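Single-structure report; data block below.
Because the structure is a prediction, the values reported are computed rather than measured. Chain identifiers are assigned alphabetically (A, B, ...) following the order of the sequence lines, protein sequences preceding nucleic acid strands; residue numbering begins at 1 within each chain.
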There are 2 protein chains.
Amino acid sequence: MARAPTTSDVFNAIAEPRRRQIIELLTQHKQLAVGAIVLALGLPQPAVSKHLGVLREVGLVTVSKQGQSRVYEVQHEQLRSVYDWVKMFERHWDHQLDRIRARAEKRALEQKTQPDLPGTGVEPV
Amino acid sequence: MARAPTTSDVFNAIAEPRRRQIIELLTQHKQLAVGAIVLALGLPQPAVSKHLGVLREVGLVTVSKQGQSRVYEVQHEQLRSVYDWVKMFERHWDHQLDRIRARAEKRALEQKTQPDLPGTGVEPV
DNA sequence: GAATTATATTCCCATATGGGAATATGTCAA
DNA sequence: TTGACATATTCCCATATGGGAATATAATTC
């Protein structure tokens, strides 16, 4: 099998940095025409249209015609699947940080106990 | 330019469902040898090894040799970049849900006010 | 209708994919 | 050493990518 299409789900769609930028932009401005996005990102118009197409296919944005321009809007709910997935692991990196902090404190304590011992000349990280 | 490699960052690495499964598995069991993952996922061993390779390259897992098997472990901190990014939009889908709820309540109220009016025969969604 | 503006679509290509199949590497045991 | 086991690597291929370039479509104005 080949790599899953970018349009297959939200995870694949947001893997592309430019598409994340577009989502951020649309979050700030609520609504934007394609031209505005082109200006903001400095990408060629066809590239932007294609990215918007991907985002549309996974439901991350919606369009509405407005004169001769098309106005895009984010649908943030679609990001919940990603959010829910990563959130599963929140407490794990908290614990990890705790461990790191604990080690740092222990190290600091040892520093106080026996300070400035001439050693290998290699400083601990 | 072509699509960014799966190893280019965490976003690309976790776009693949099997790799997310591996992360979930390693979260449950703290440590697992490749063989155990192969059994759990029912994937061919080379496929698993390759997925682990991608996860290793982006720092999402670490290995340690243990006899003739290699034991993998998740490094959840690497998921923070993803978490931080989606979390930016948390309040937005909350608001969206509020709006949906508000609309539902408004609709319910209207139902009570003028119930069972003979209409078009088309029920509102 | 013709010209202009805004956006989408098509065709191109270098690059990567995930899994299949086969093989290489590494580690233990006898 | 030889063999058995665990894992990684290599080669293969159909499929998709993101952007470049050019073109098609659609709406507006003259």
Comparing A:A2 and B:R56 on DNA chain D - which has the more 5′ nearest nucleotide = B:R56
message = Assuming nearest nucleotide by heavy-atom distance, tell me which of A:A4 and B:V48 is located more 5' along DNA chain D.
response = B:V48
query = When every nucleotide of nucleotides 20-30 of chain D is labelled 5' to 3' by its protein contacts under 4.0 Å (heavy atoms), B for base, S for sugar-phosphate only, - for none, what sequence of letters results?
reply = B-B----BS--
message = With each end axis built from five pairs of C1' atoms, what bend angle do you get for the helix from C:dG1-D:dC30 to C:dA30-D:dT1? Round to 10°.
response = 10°
ask   = Distance-only, no hydrogens or angles: does the A:R20 side chain make a donor-acceptor pair with backbone N or O of A:A15 under 3.5 Å?
value = yes
Any A:Q21 side-chain heavy atom under 4.5 Å of A:L41 side chain = yes
remark   = d(A:F11 CZ, B:N12 CG) to nearest 0.5 Å is 13.0 Å
query = Between A:S49 and C:dT7, is there a side-chain N or O to OP1/OP2 distance below 4.0 Å?
reply = no
task = Would you name the heavy atoms of B:S8 and B:P5 that are closest together and state the gap between them?
result = OG-O, 2.5 Å
Considering all heavy atoms, the nearest B:V74-B:T27 contact = CG2-N, 3.8 Å
key: salt bridge (Lys or Arg N to Asp or Glu O under 4.0 Å) against A:E90, all qualifying residues, sequence neighbours excluded   = A:K87
query = Are B:R18 and B:L43 close enough that some pair of their side-chain heavy atoms sits under 4.5 Å apart?
reply = yes
ask   = More 5' along DNA chain C: B:M1 or A:M1, using each one's nearest nucleotide?
value = B:M1
request  = Name every residue in residues 32-41 of chain B that has at least one heavy atom under 4.0 Å from any atom of DNA chain C, in order of residue number, or write none if there are no such residues.
outcome  = none
key: Length of the line joining B:Y72:OH and D:dA6:C1', which is rounded to integer Å   = 11 Å
remark   = d(A:W93 CH2, B:L79 CG) to nearest 0.5 Å is 6.0 Å
ask   = Would you call B:L25 and B:L32 a side-chain contact if the rule is heavy atoms closer than 4.5 Å?
value = yes
note = Residues of residues 17-24 of chain B with a heavy atom under 4.0 Å from any atom of DNA chain C, listed by number, are B:R18, B:R19
inquiry  = In this structure, how many angstroms lie between the C1' atom of D:dT17 and the CG atom of A:L55, rounded?
reply    = 15 Å
message = In this structure, how many angstroms lie between the P atom of D:dG18 and the CD1 atom of A:I14, rounded?
response = 14 Å
Using residues 47-61 of chain A as the side-chain source, report each donor-acceptor pair under 3.5 Å to any protein atom, sequence neighbours left out, with the distance given to one decimal.
{"residue": "A:S49", "atom": "OG", "partner": "A:Q45", "partner atom": "NE2", "Å": "3.1"}
{"residue": "A:H51", "atom": "ND1", "partner": "A:R19", "partner atom": "NH1", "Å": "3.1"}
{"residue": "A:R56", "atom": "NE", "partner": "A:Y72", "partner atom": "OH", "Å": "3.4"}
{"residue": "A:R56", "atom": "NH2", "partner": "A:Y72", "partner atom": "OH", "Å": "3.4"}

message = Let me confirm one number: the CD-OG distance from A:E73 to A:S64, rounded to the nearest 0.5 Å.
response = 7.0 Å
key: Separation of C:dA16 C1' from A:R3 CZ (nearest whole Å)   = 7 Å
task = Search all heavy atoms of B:Q78 against all heavy atoms of B:V10 and return the closest pair with its distance.
result = O-CG2, 3.6 Å
task = Report yes if some heavy atom in the side chain of B:W85 is under 4.5 Å from a heavy atom in the side chain of A:E24; otherwise report no.
result = yes
